[in-house]
Student: 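Below are the structure tokens for one structure; questions will follow.
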Amino acid sequence: MDILWLGVFALLLIGYFALEGFDIGVGMLLPVLGRTQRDRDEIVAAVAPFVLAGEVWLVAVAGVLFGAFPAIEGEVLFGLYPLVVLLLVSWILRDAGLWFRRRADGSAWRTTWDWAICAGSCGLALSWGMALVALAGGLSGPAISLLGLAGALVMAALFALHGWTFLSWRLPGRVTGARRTGWALLGSACAAAAPVAVLLAVLAPWLLDHMAPAGTLSVLSVMILPFAPIMVGAQVWVWRMFGPGRAADRIPSFF
């Protein structure tokens with residue numbers, strides 16, 4: 001049971017970096033690739049259907065952390081407190097930009113929220129990079145350090161690559177000028193998720209030592225695991241529905 005829940009936690013966290021990483025990367029690149037307002041509208045519309053589907057993975061990660069690893073939940077949140085705050089503020093800012101940019105007309109209004117999307121996405125990438133470095137160091141040092149900043153820049157670069165590859169696949173020839181295949185997108189997803197996969201492999205013994213009691217894990221299995229096929233099915237539907245070349249009228253109007 002311990003191995004099962006460690007695997008679930010690892011799958012969810014890796015899935016978040018692979019399936020939400022390109023959303024973050026696209027947000028970071030929005031001012032660069034979207035030279036005009038029309039270009040930025042097209043880029044946001046391309047990524048919009050995938051945003052909420054990707055964020056579900058992070059919500060699931062938090063739920064499994066609280067339920068399956070209660071002994072380390074407080075230690076991790078306390079040790080990473082500044083980064084957790086930065087991550088949450090960045091998450092809210094990025095999503096606010098996505099929700100509000102089309103709530104009123106005017107280039108100034110949309111430009112303001114476009115920069116909010118960019119700033120929030122950069123904050124997410126940097127906070128995740130610093131958090132991974134701090135966790136790799138066993139939370140023995142400050143959450144924000146020079147080494148952490150280096151890791152943050154690496155993570156930001158990986159997310160940016162993932163976002164660029166996604167747009168090349170989603171909008172072939174219209175944004176980046178070169179069509180990328182699904183295999184290239186899979187490769188960039190693996191690159192974005194590689195740091196967290198390595199970290200989980202290193203921390204696996206520590207995580208297993210702080211697992212919840214077997215009775216708690218059994219209850220979680222009954223309550224949560226039956227819904228896993230629904231989550232996977234929803235992800236498959238989103239990707240099939242909003243793949244490259246899909247009609248624009250399929251894009252959710254709230255973005």
Side-chain angles (χ1 to χ4, degrees), residues 1-28 47 50-69 72-73 76-77 80 83-84 87 90-91 121 124-139 151-152 154-166 169 182-208 210-212 217 220-221 224-225 227-239:
M1 190 66 71
D2 291 356
I3 298 296
L4 171 64
W5 276 101
L6 178 60
V8 170
F9 180 72
L11 177 63
L12 291 173
L13 193 55
I14 291 172
Y16 169 77
F17 275 71
L19 296 176
E20 179 70 1
F22 65 80
D23 293 346
I24 298 172
V26 169
M28 294 169 59
V47 77
F50 303 91
V51 172
L52 295 180
E55 290 177 341
V56 167
W57 292 78
L58 184 57
V59 174
V61 166
V64 172
L65 178 64
F66 294 150
F69 304 95
I72 65 173
E73 169 260 324
V76 170
L77 294 183
L80 299 178
L83 299 178
V84 171
L87 190 149
S90 300
W91 188 2
S121 299
L124 284 169
L126 296 175
S127 58
W128 274 119
M130 287 186 284
L132 294 182
V133 171
L135 287 170
L139 301 176
V154 171
M155 199 71 250
L158 291 174
F159 281 155
L161 172 64
H162 196 16
W164 182 85
T165 307
F166 170 81
W169 171 80
W183 288 109
L185 183 60
L186 178 61
S188 67
C190 292
V196 73
V198 173
L199 177 65
L200 287 170
V202 172
L203 295 182
W206 179 65
L207 291 171
L208 288 172
H210 294 81
M211 194 75 70
L217 296 179
L220 288 176
S221 299
I224 296 177
L225 292 184
F227 294 97
I230 299 176
M231 183 176 174
V232 174
Q235 294 287 333
V236 172
W237 178 84
V238 168
W239 282 85

Student: Quick check for you: to the nearest 0.5 Å, what is the distance between Leu19 atom CG and Ile14 atom CD1?
Tutor: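 That separation rounds to 11.5 Å.
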Student: Is there a side-chain contact between Gln235 and Val238, using heavy atoms and a 4.5 Å cut-off?
Tutor: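 Not touching, per the 4.5 Å side-chain cut-off.
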Student: Drop me the distance from Leu207's CG to Ile72's CD1, to the nearest 0.5 angstrom.
Tutor: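 One finds 5.0 Å between CG of Leu207 and CD1 of Ile72.
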Student: Nearest 0.5 Å, what's the CG-CG distance between Leu58 and Leu65?
Tutor: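 These two atoms lie 10.5 Å from each other.
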Student: Mind checking ring pair (Phe, Tyr, Trp, His ring centres under 6.0 Å) for Trp5 and listing every partner two or more places apart, or none if nothing turns up?
Tutor: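 Residues passing ring pair (Phe, Tyr, Trp, His ring centres under 6.0 Å) with Trp5: none at all.
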Student: What are the two closest non-hydrogen atoms of Gly67 and Ala212, and how far apart are they?
Tutor: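 What the structure gives for the nearest pair is O-CB, 3.7 Å.
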Student: Would you indicate whether the side-chain heavy atoms of Leu135 and Leu80 approach each other to under 4.5 Å?
Tutor: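 Result yes, sub-4.5 Å side-chain heavy-atom pair found.
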Student: Would a line drawn from the ring center of Phe22 to the ring center of Trp239 be shorter than 6.0 Å?
Tutor: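 Aromatic pair counts; centres sit under 6.0 Å.
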Student: Flag the pair Val232 / Trp237 as yes when at least one side-chain heavy-atom distance between them is below 4.5 Å, and no otherwise.
Tutor: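 They are not in contact (no side-chain heavy atoms under 4.5 Å apart), so the answer is no.
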Student: Which atoms form the tightest heavy-atom contact between Val51 and Glu20, and what is the distance?
Tutor: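 Residues Val51 and Glu20, closest heavy atoms: O-OE1, 3.5 Å.
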Student: Report yes if the distance between the aromatic ring centroids of Phe17 and Trp128 is under 6.0 Å, otherwise no.
Tutor: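 Judged by ring-centre distance (under 6.0 Å), Phe17 and Trp128 do meet the cut-off.
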Student: From Met28 CE over to Ile24 CD1, what is the distance, rounded to the nearest 0.5 angstrom?
Tutor: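 The CE atom of Met28 sits 9.0 Å away from the CD1 atom of Ile24.
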Student: Can you tell me which residue pairs pass the side-chain hydrogen bond (donor to acceptor under 3.5 Å, both in side chains) test with a partner in residues 51-64, sequence neighbours excluded?
Tutor: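 Residue pairs with at least one partner in residues 51-64: Glu55-Trp91, Glu55-Arg94.
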Student: Do you know the tightest heavy-atom contact between Ala204 and Leu6?
Tutor: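 It is CB-CD2, 4.1 Å.
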Student: Ignoring hydrogens and angles, write down the donor-acceptor pairs under 3.5 Å from the side chains of residues 187-201, residues two or more places apart or on other chains.
Tutor:
residue : atom : partner : partner atom : Å
Ser188  : OG   : His162  : ND1          : 2.7
Ser188  : OG   : Leu185  : O            : 2.9

Student: At their closest point, which heavy atom of Ala125 faces which heavy atom of Phe159, and how far apart are they?
Tutor: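 Distance-wise, the nearest heavy atoms are CB-CD1, 3.6 Å.
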Student: Does any non-hydrogen side-chain atom of Leu208 lie less than 4.5 Å from one of Ile3?
Tutor: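 Yes. Closest side-chain heavy atoms under 4.5 Å.
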Student: Got a second to check how far Leu87's CG is from Met130's CE, nearest 0.5 Å?
Tutor: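 Atom-to-atom, Leu87:CG and Met130:CE are 10.0 Å apart.
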Student: Do you know the tightest heavy-atom contact between Val26 and Gly163?
Tutor: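 Taking Val26 first and Gly163 second, the nearest heavy atoms are CG2-O, 3.6 Å.
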Student: For Tyr16 and Leu11: C-alpha separation, side-chain torsions, deciding distance, then whether side-chain contact (heavy atoms from CB on, under 4.5 Å) applies.
Tutor: CA-CA 8 Å; Tyr16 169 77; Leu11 177 63; over 6 Å; no
Student: Find the distance between CG (Leu126) and CE (Met155) and round it off to the nearest 0.5 Å.
Tutor: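 Here the rounded value is 10.5 Å.
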